[in-house]
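Written below as structure tokens is the structure these notes are about.
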Amino acid sequence: MHYAPFDNQNKPIVDIDDPTVPLNYFNIIKLKKGEAFEYEVPGYETCIVPATGTVDVNVEGFKADALGNRTVDVWDGEPEGVYVPTAARATMVCTTDEAEIFVAGARYDKVLEAFEVRAADLDKVQYGSDDTKTHRKIKHIFGTKYHDKVGRLLVSELFTVGQGGWSGFPSHKHDTDRLPIETRHDETYNFRFKPNHGSGVQMLQREDGKSGDAYHLVDGSTICIDNGYHPCAVLPGYEMYYFTILGGLTQRSLVQYFQPSHADQVETIPGIKDMIAKFK
């Protein structure tokens, strides 16, 4: 499912019980200086991650002031976030001229404790190579460091390194709970390009050996992945970023199943096994 960029008026792009990705929640909030936004999502743990701008956050008494340090775009500094427990009421107030804030969520019924993740707390990994056209960097905001503090939600930012190339390759899926080889994790992306008139493509192949679908990605595109193999690519001459939300059905750790016809490519991409190990 592809949602072209539109003015969502601070209303969820992926709401609770979404028919495509029921385990995910996603909203983009846009505020001007002094404006406030309040929300609560029953049945879903969420997190607040400024794409640009700075906000003061209050989660039922837990305060995280001056969250977010990026001004121009998502390449301008490191991400920061606040974990919001299931059904908790969160308020954010914009303290810069303007701010764009991602709110990501995953279905989870237990109530945990709010906490913050600052730039120094990120879990980063870089893998791939220019030769294999797979060079990229991942900044895990709610990654392995917080495995015991988060229920089912995994949130990361992924960047292509250099200009052009593939991401999410070798092609993989995670739509069926069949441990130890695969887990069911719904996935939602929001894409940005540098320069922002760049574009890319999201492939979605439902079954190995059969033709699938492809979506034209532009700056601000949102993609929801329910099932199938799903690599994506950016045009030569451009950089690509995508904000990634994963929500597990029965566990937080992601187990990817690589497409049999491409699985041997895992051995050709430097550092990919370290990357796989970080989605826990």
Side-chain angles (χ1 to χ4, degrees), residues 3 5-16 18 21 24-41 44-106 114-119 121-122 139-143 146 150 153-159 187-194 196 219-224 241-247:
Y3 295 100
F6 68 102
D7 181 6
N8 65 309
Q9 299 181 337
N10 293 351
K11 296 178 181 178
I13 296 172
V14 178
D15 209 343
I16 62 173
D18 181 85
V21 283
N24 291 169
Y25 175 90
F26 179 53
N27 197 357
I28 297 178
I29 311 300
K30 294 182 178 178
L31 302 173
K32 295 188 181 300
K33 191 168 187 175
E35 291 182 339
F37 183 82
E38 181 178 278
Y39 79 90
E40 54 185 293
V41 188
Y44 290 72
E45 58 183 348
T46 62
C47 69
I48 296 169
V49 178
T52 55
T54 304
V55 292
D56 290 342
V57 176
N58 188 324
V59 184
E60 298 186 353
F62 174 85
K63 294 183 179 181
D65 291 336
L67 185 78
N69 55 57
R70 301 185 286 204
T71 56
V72 178
D73 56 29
V74 293
W75 282 268
D76 183 29
E78 302 288 8
E80 296 186 325
V82 168
Y83 175 80
V84 180
T86 301
R89 180 171 298 177
T91 303
M92 62 188 87
V93 179
C94 179
T95 61
T96 45
D97 288 342
E98 55 186 14
E100 181 183 21
I101 306 101
F102 296 137
V103 177
F115 65 93
E116 62 183 337
V117 177
R118 297 292 182 170
D121 304 321
L122 300 172
K139 299 177 182 179
H140 292 279
I141 306 167
F142 295 92
Y146 306 104
V150 180
L153 179 64
L154 287 157
V155 176
S156 305
E157 294 189 339
L158 294 86
F159 299 78
E187 189 163 28
T188 298
Y189 305 137
N190 185 263
F191 288 86
R192 303 296 163 97
F193 294 90
K194 185 178 182 179
N196 62 10
D219 196 69
S221 284
T222 298
I223 289 283
C224 297
Y241 157 101
Y242 52 113
F243 183 75
T244 303
I245 306 164
L246 283 159

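Just so we're clear, the structure is a prediction, and the values are computed from it rather than from any experiment.
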Rounded at 0.5 Å granularity, tell me how far [atom1] in [X] sits from [atom2] in [Y].
X: Phe193; Y: Asp73; atom1: CZ; atom2: CG; answer: 13.5 Å
X: Phe6; Y: Ile13; atom1: CZ; atom2: CD1; answer: 5.0 Å
X: Arg70; Y: Glu80; atom1: CZ; atom2: CD; answer: 9.0 Å
X: Asn24; Y: Thr188; atom1: CG; atom2: OG1; answer: 3.5 Å
X: Leu67; Y: Ile48; atom1: CG; atom2: CD1; answer: 7.5 Å
X: Tyr146; Y: Tyr83; atom1: OH; atom2: OH; answer: 13.5 Å

How about [X] and [Y]: do any of their side-chain heavy atoms sit closer than 4.5 Å?
X: Phe37; Y: Cys94; value: no
X: Ile141; Y: Cys47; value: no
X: Tyr39; Y: Val84; value: yes
X: Glu187; Y: Val21; value: no
X: Arg192; Y: Phe243; value: no

(Q) I'd like to know whether CG of Asp97 has more than 12 heavy-atom contacts from other residues, nucleotides or ligands below 6.0 angstrom. (A)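 Not more than 12 within 6.0 Å, no.
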Q. Any donor and acceptor pair, going by atom type alone, linking the side chain of Thr54 with main-chain N or O of Thr96 inside 3.5 Å?
A.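 Answer holds: no.
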(Q) Tell me if a side-chain donor or acceptor on Glu60 pairs with a main-chain N or O of Arg89 at a distance below 3.5 Å. (A)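 Pair found, side chain donor or acceptor close to backbone of Arg89.
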Return the minimal non-hydrogen interatomic distance between [X] and [Y], and the atom names on each side.
X: Asp219; Y: Asn196; value: CB-O, 3.3 Å
X: Val150; Y: Glu45; value: CG1-OE1, 3.7 Å
X: Val49; Y: Gly81; value: CG2-CA, 4.2 Å
X: Glu78; Y: Asn69; value: O-OD1, 3.2 Å
X: Gly247; Y: Ala106; value: CA-CB, 3.8 Å
X: Ala104; Y: Leu153; value: O-CD2, 4.0 Å

Q | Phe26-Tyr189 aromatic ring centre distance below 6.0 Å | A |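 Not close enough - the centres of the two rings lie 6.0 Å or further apart.
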Q. Side chains of Asn8 and Asn27: do they bring a donor and an acceptor to under 3.5 Å?
A.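 Yes, side-chain donor-acceptor contact under 3.5 Å.
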Q.
Under a plain distance cut-off of 3.5 Å, with no hydrogens placed, do Thr95 and Asp56 share a side-chain donor-acceptor pair?
A.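 There is no such pair (donor and acceptor under 3.5 Å, judged by atom type) between the side chains of Asp56 and Thr95.
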Q: Could you tell me how the ring of Trp75 sits relative to the ring of Phe159: parallel (under 30°), tilted (30 to 60°) or perpendicular (over 60°)?
A: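 The rings of Trp75 and Phe159 stand perpendicular, inter-plane angle above 60°.
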Q) If you draw the axis of the six-membered ring of Tyr241, does the NZ or CZ of Lys194 fall within 45° of it and under 6.0 Å from the ring centre? A)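 Not satisfied by the 6.0 Å and 45° rule.
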Q.
Out of the candidates Val57, Thr52, Leu31, only one should pair with Ile101 under the side-chain contact (heavy atoms from CB on, under 4.5 Å) rule; please name it.
A.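 For Ile101, the side-chain contact (heavy atoms from CB on, under 4.5 Å) test succeeds with only one of Val57, Thr52, Leu31, which is Leu31.
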Q. Who are the side-chain hydrogen bond (donor to acceptor under 3.5 Å, both in side chains) partners of Thr86, not counting sequence neighbours?
A.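 Not a single residue meets the side-chain hydrogen bond (donor to acceptor under 3.5 Å, both in side chains) criterion with Thr86.
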